[in-house]
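Worksheet for the structure shown next.
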Amino acid sequence: MERKVRVRFAPSPTGPLHMGGVRTALYNYLFAKKHGGDMLLRIEDTDQTRYVLGAENYIIESLAWCGITFDEGVHVGGPHAPYRQSERKEMYKQYALQLIESGHAYYAFDSMEELDAMRENLKAANVASPQYNYITREGMKNSLTLPSDEVARRLAAGDAYVIRMKIPRKEEVRVVDLIRGNVLVQTSQMDDKVLFKSDGMPTYHLANVVDDYLMKITHVIRGEEWLPSAPLHVLLYRYLGWEEVMPEFAHLPLLLKPDGNGKLSKRDGDRLGFPVFPLQWQDPFTEEISSGYRENGYIPAAFINMLALLGWNPGTPQEIFSMSELIEAFSIERISKSGAKFDSAKTKWFNQQYLRQTSSEDLAKIFATEIQAKGFDYPITYIQAVCELVKEKAQFSNEFWSLASYFFEEPNSFDMDLVRKKWKDAVPAFMANLAADLNSIDQFDALSIEDLFKVCAEKNGISAGAVMQIFRIAISGQAAGPAIFELTSLIGKERIVKRLNFAINQFNTIA
RNA sequence: GGCCCGUUCGUCUAGGGGUUAGGACAGGAGAUUUUCAUUCUUCAAACAGGGGUUCGAUUCCCCUACGGGCUACCA
């Protein structure tokens, strides 16, 4: 029987979710939706020592901003609730005990010091990989080496213990990975991983397998850092008697630093000048702030589009994808095997593409709140017209103010070096004439202004081109901007004439 | 160190036993826009190395190098 596709995104609330995590969530989401399946959000908070307050909310909020939705999870509930592992604590122990029962796990009573000493000894003896395994467990304090009455006594006395997996000595474990094919590992290379900790919590390995089984997960799509422990998980399914319904695995290549080596990390963002997190995050302990894509003016769909193409491609030249197009085109087979260096320049390009696609009407709505926040009151139609003019010049919506502030407030500072260069000969006279001429016309549309401008220049024996830039500076304060006569028309006759006269005064004082 | 995974332009990638090895970003040059941005044209840029297999390998196999991950009572 074909099972309904069910995938999960299962982060640990140890800090903000970085873009690599978002991509993992995205691929899970795309896969689920492509196959009409379910997407769950499970919080893996089995390590209380690393729990960070606010991280869970951050994760939920980030994914919502990205447009990744869930069918079940901590925030939306569902038939397999609770979805927070700390709240499922009581469920795990029975499975660990079941494994002891069947001879696939055992109690271990070793202290941290004893474990350290064991590893030190092995290192000193030049053992290639010092680990708690089929050889070393013979020399440690566990239910395999201790007499059964002592084990019973220790357990009854409440001695601290962990439950370890008993990895067979000489077997080959095969992991079938949807991206990499067969991965073979010898059990002799594996160690007796702790499944159940002395604090009563399961480790990732146990909790993960138990929950995926209980929640009927069909596909585990996760980062490549989990590939080395996948054989352990396969063994766990086998020994728990769940191999028939074991999920299929897909281990995603990692996101790498744009420069140098290694996987993309928290530090890289602010070091290299781009966000690594979807949303801004303030560390609750250090109060250190890490920037976010949202706060940097990125459109979530652009961010998602970029992420989707980092490690996956549709096999066609298409690069711009809406979420539904991504769902349509997505397939695990087309995920690449090697890690991808993150490219912030391309991310900006994606945002620019999306910004262009956004209507001036929608941009105006966003921009209007910024305008209002600054205390200005302009009709939305005016703001929309400004957006129309400025849109092509921006890469981010948060650049609008610096690009367009002069549409809303009068310029009061000018690039005087430039003015000095241009403010000579017939120019001052021309500007004075222009101000008067502009003031005298009724038709203040771009074409009429342009005609008037040219005629005025000719009257003063100057080429129109020669005075275009000083005119722009006079009315906008900036040396570059949108089509000059349209801009003039939009700002309106009264304000333009006023600005011109103000600028002429200013320019005269420095000339 | 050990184990596992990987390696096509600077970056993301397509391709696949015989190709002028394609696209995009970034970069260079030019044109348009009497500004900037846009747009257009154009240039430069890659199969890690060595062995096989083969009539022929960038493509398949092996080795080396390099890169990455893992190696906790963290996930």
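Just so it is clear, the model here is predicted, and its values are computed rather than measured. Protein chains get the first letters and strands the later ones, always in sequence-line order, with residue 1 at the start of each.
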(message) Are F396(A) and Y354(A), when compared by the centres of their aromatic rings, separated by less than 6.0 Å?
(response) no
(request) Establish, yes or no, whether a centroid distance under 6.0 Å links the rings of Y298(A) and F303(A). (result)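 Judged by ring-centre distance (under 6.0 Å), Y298(A) and F303(A) do not meet the cut-off.
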(message) On RNA chain B, compare the nucleotides closest to A483(A) and F109(A); which residue's is nearer the 5' end?
(response) A483(A)
(message) I want to confirm an ordering. Mapping G465(A) and L310(A) to their closest nucleotides on RNA chain B, which one lands closer to the 5' end?
(response)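 Nearest nucleotide further toward 5': that of L310(A).
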For [N], does either OP1 or OP2 sit under 4.0 Å from a side-chain N or O belonging to [X]?
X: R356(A); N: U39(B); result: yes
X: N313(A); N: U13(B); result: no
X: S336(A); N: U13(B); result: yes
X: R334(A); N: G15(B); result: yes

Rounded to whole angstrom units, what separation is found between the [atom1] atom of [X] and the [atom2] atom of [N]?
X: Y132(A); N: U71(B); atom1: OH; atom2: C1'; result: 17 Å
X: D415(A); N: C36(B); atom1: CG; atom2: P; result: 15 Å
X: M306(A); N: U13(B); atom1: CE; atom2: P; result: 12 Å
X: Y354(A); N: U38(B); atom1: OH; atom2: C1'; result: 20 Å
X: K263(A); N: C5(B); atom1: NZ; atom2: P; result: 18 Å

When all nucleic acid strands are considered with a 4.0 Å heavy-atom cut-off, which category describes [X]: base, sugar-phosphate, or nothing?
X: R472(A); value: base
X: D110(A); value: base
X: A10(A); value: nothing
X: M201(A); value: nothing

(request) Report, as a single string ordered 5' to 3', how protein heavy atoms within less than 4.0 Å touch nucleotides 20-33 of chain B: B base, S sugar-phosphate only, - not at all. (result) ----BS--------
(request) Enumerate the residues from residues 163-172 of chain A whose closest heavy atom to RNA chain B is under 4.0 Å, giving them by residue number; use none for an empty result. (result)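 Output list: R164(A).
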(request) Name all pairs fulfilling the ring pair (Phe, Tyr, Trp, His ring centres under 6.0 Å) condition that reach into residues 331-352 of chain A, sequence neighbours left out, sorted by first residue then second. (result)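 Sorted result for residues 331-352 of chain A: F274(A)-F342(A).
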(message) Regarding D437(A) and K459(A), does a basic nitrogen lie under 4.0 Å from an acidic carboxylate oxygen?
(response) yes
(request) For nucleotides U19(B) and A75(B), find the distance between their C1' atoms and express it as a whole number of Å. (result) 46 Å
(message) Is it the case that the base of C5(B) and the side chain of K337(A) share a donor-acceptor contact (distance under 3.5 Å, atom types as modelled)?
(response) no
